[in-house]
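Have a look at the structure below, then the notes.
Computed from a predicted model, the values in this text were never measured in an experiment. Below, chains carry the letters A, B, ... as their sequence lines are ordered, and counting in each starts from 1.
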Protein chains: 2
Amino acid sequence: MPLYLAVVHYPCSNKQGEVVTTSITNFDIHDIGRSGRTYECEAVYLVNPVPSQLWFANRVLEHWTEGAGAEYNWTRKESMSRVQTIEDLVTLTEQLEAKHGRPPVYIATSARKTHETWGYVAMREKMEADPDTPWVLLFGTGWGLHKDLMDEVDYILDPIYGAGDYNHLSVRAAVAIILDRLRGEKWHESKL
Amino acid sequence: MPLYLAVVHYPCSNKQGEVVTTSITNFDIHDIGRSGRTYECEAVYLVNPVPSQLWFANRVLEHWTEGAGAEYNWTRKESMSRVQTIEDLVTLTEQLEAKHGRPPVYIATSARKTHETWGYVAMREKMEADPDTPWVLLFGTGWGLHKDLMDEVDYILDPIYGAGDYNHLSVRAAVAIILDRLRGEKWHESKL
């Protein structure tokens, strides 16, 4: 099914839980673009309402898709060509609805369990059973997606727990793990 | 069992397969430190023979474990305090053998299948069945661990395949996914 990633820079929380706009970082573009491409996402959206931020991101993308970077590293060109910038989730909803003929379904991710959440096996089955819907995984930056957005999404995934009580993964690591669980080969079914 | 990560900067391959030393990047220290802490690794080693590289890494680590960063963000302090620098794998072997009373077992990772490799279920069972051995996961940088090192390790894990034929993950993403498979909660056994 068509799967999209959205790296959300607004509305996010700061350390105090207040709503803020965070900055796009170069490493997010590269790492999340590569993970998105590896797990066959249709596109990775960098969601940010600030024009200078979108300009910066587009400049990086242009370097790797059309500039000197494209010639240096074709695998990077391939991943970067699926990364796009967008002002907000309202615009994203409109675009995906126009493309797919139905509204996208938003699945939020969080390191903290503040709402009812879904497990990965159940969510994967749900997504695979509905292959015509555009599914969008939302990842927060800063101190995470703001509460107001969490209240509005369609589903929320279980937090990723590691091997102990510390779960402060980077957004880049969380994206990789969640894609592997929802979309990767079923490595856990192989005993070899 | 005691699990260690080693991010190897030498001996790595360049694009042409020649042996090179790569640079330590700030993002690796943060992201891999956080993933290592989340999945309860004893330590994350940055392996680099170049003194100025180790000086740089130690300066970053000091900022977050003792400097202003430690006060700003205690979760970062906690992950950074398990990141260490080391000159080479010979020294690492000596240190771990002295600490654990037995030599470490090295498990290499690679995006390409050039040797016999192990699946994740089998490797996890093997590790859990031998809880006194220090296990070390080796991750390459640049274009990956050099062939000479791959020939010498004890085990090699299967490459991570995504949903298609493109598998160019960042080392930060690969670390996160592999730790989740070898050490994470068994999310795939839950149907909820």
Side-chain angles (χ1 to χ4, degrees), chain A residues 3 15 25-28 30-41 72-76 78-79 82 111 117-122 124-125 157-158 160-192, chain B residues 3 15 25-28 30-41 72-76 78-79 82 111 117-122 124-125 157-158 160-192:
Chain A
L3 180 62
K15 213 171 158 184
T25 73
N26 181 45
F27 261 76
D28 283 359
H30 283 266
D31 281 21
I32 298 174
R34 293 164 75 180
S35 294
R37 177 66 188 86
T38 297
Y39 289 92
E40 294 283 355
C41 297
Y72 175 68
N73 189 339
W74 71 265
T75 68
R76 198 60 56 91
E78 202 173 318
S79 56
R82 296 205 191 182
T117 56
W118 281 63
Y120 291 85
V121 175
R124 184 170 183 152
E125 280 173 6
L157 283 168
D158 286 345
I160 299 166
Y161 299 111
D165 56 359
Y166 179 103
N167 72 329
H168 300 278
L169 295 167
S170 70
V171 66
R172 297 163 290 282
V175 166
I177 292 167
I178 288 173
L179 285 178
D180 192 54
R181 291 184 180 187
L182 290 180
R183 189 87 154 176
E185 47 173 348
K186 292 189 175 165
W187 58 271
H188 41 84
E189 291 175 1
S190 163
K191 283 282 170 194
L192 295 178
Chain B
L3 180 63
K15 214 171 158 183
T25 73
N26 181 45
F27 261 75
D28 284 359
H30 283 265
D31 280 20
I32 298 174
R34 293 164 76 180
S35 294
R37 177 67 188 84
T38 297
Y39 288 92
E40 294 283 356
C41 297
Y72 175 70
N73 188 339
W74 72 264
T75 68
R76 198 60 55 92
E78 202 172 319
S79 56
R82 295 204 192 183
T117 56
W118 281 64
Y120 291 84
V121 175
R124 184 169 184 156
E125 279 173 6
L157 283 168
D158 287 343
I160 298 167
Y161 299 111
D165 57 358
Y166 179 104
N167 73 329
H168 299 278
L169 294 167
S170 70
V171 66
R172 297 163 290 282
V175 166
I177 292 166
I178 288 173
L179 284 177
D180 192 54
R181 291 185 180 187
L182 290 180
R183 189 85 154 178
E185 46 172 348
K186 294 191 177 165
W187 58 271
H188 42 84
E189 291 175 0
S190 164
K191 283 283 168 194
L192 296 177

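- Heavy-atom distances place both the backbone and the side chain of B:I160 under 4.5 Å from chain A.
- Interatomic distance, B:I32 CD1 to B:R172 CZ, rounded to the nearest 0.5 Å: 7.0 Å.
- Of the atoms belonging to B:T75, heavy atoms from both backbone and side chain fall under 4.5 Å from chain A.
- In this structure, chain A has heavy atoms under 4.5 Å from both the backbone and the side chain of B:R181.
- Contact count versus chain A (heavy atoms, under 4.5 Å) is highest, among B:E78, B:R76, B:H30, for B:E78.
- The candidate with the highest count of non-hydrogen atom pairs below 4.5 Å against chain A, out of B:Y39, B:W118, B:Y120, is B:Y39.
- In terms of non-hydrogen atom pairs under 4.5 Å with chain B, the most contact-rich of A:A176, A:A163, A:G162 is A:A163.
- For A:D158, the side chain to side chain donor-acceptor pair (under 3.5 Å) partners at least two apart in sequence or on another chain are A:T117.
- Looking at B:K15, only its side chain comes within 4.5 Å of chain A, counting heavy atoms on both sides.
- Using a 30° and 60° split on the angle between ring planes, B:H188 and A:H188 fall in the parallel class, below 30°.
- A search for side chain to side chain contact (heavy atoms under 4.5 Å, CB included) contacts involving A:R82 returns A:R37, A:E40, not counting sequence neighbours.
- Taking the six-membered ring for Trp and thresholds of 30 and 60 degrees, B:H168 and A:W74 have ring planes more than 60 degrees apart, a perpendicular arrangement.
- Of the possible donor and acceptor atoms, none in the side chain of A:D31 sits under 3.5 Å from a partner among the backbone N and O of B:A173.
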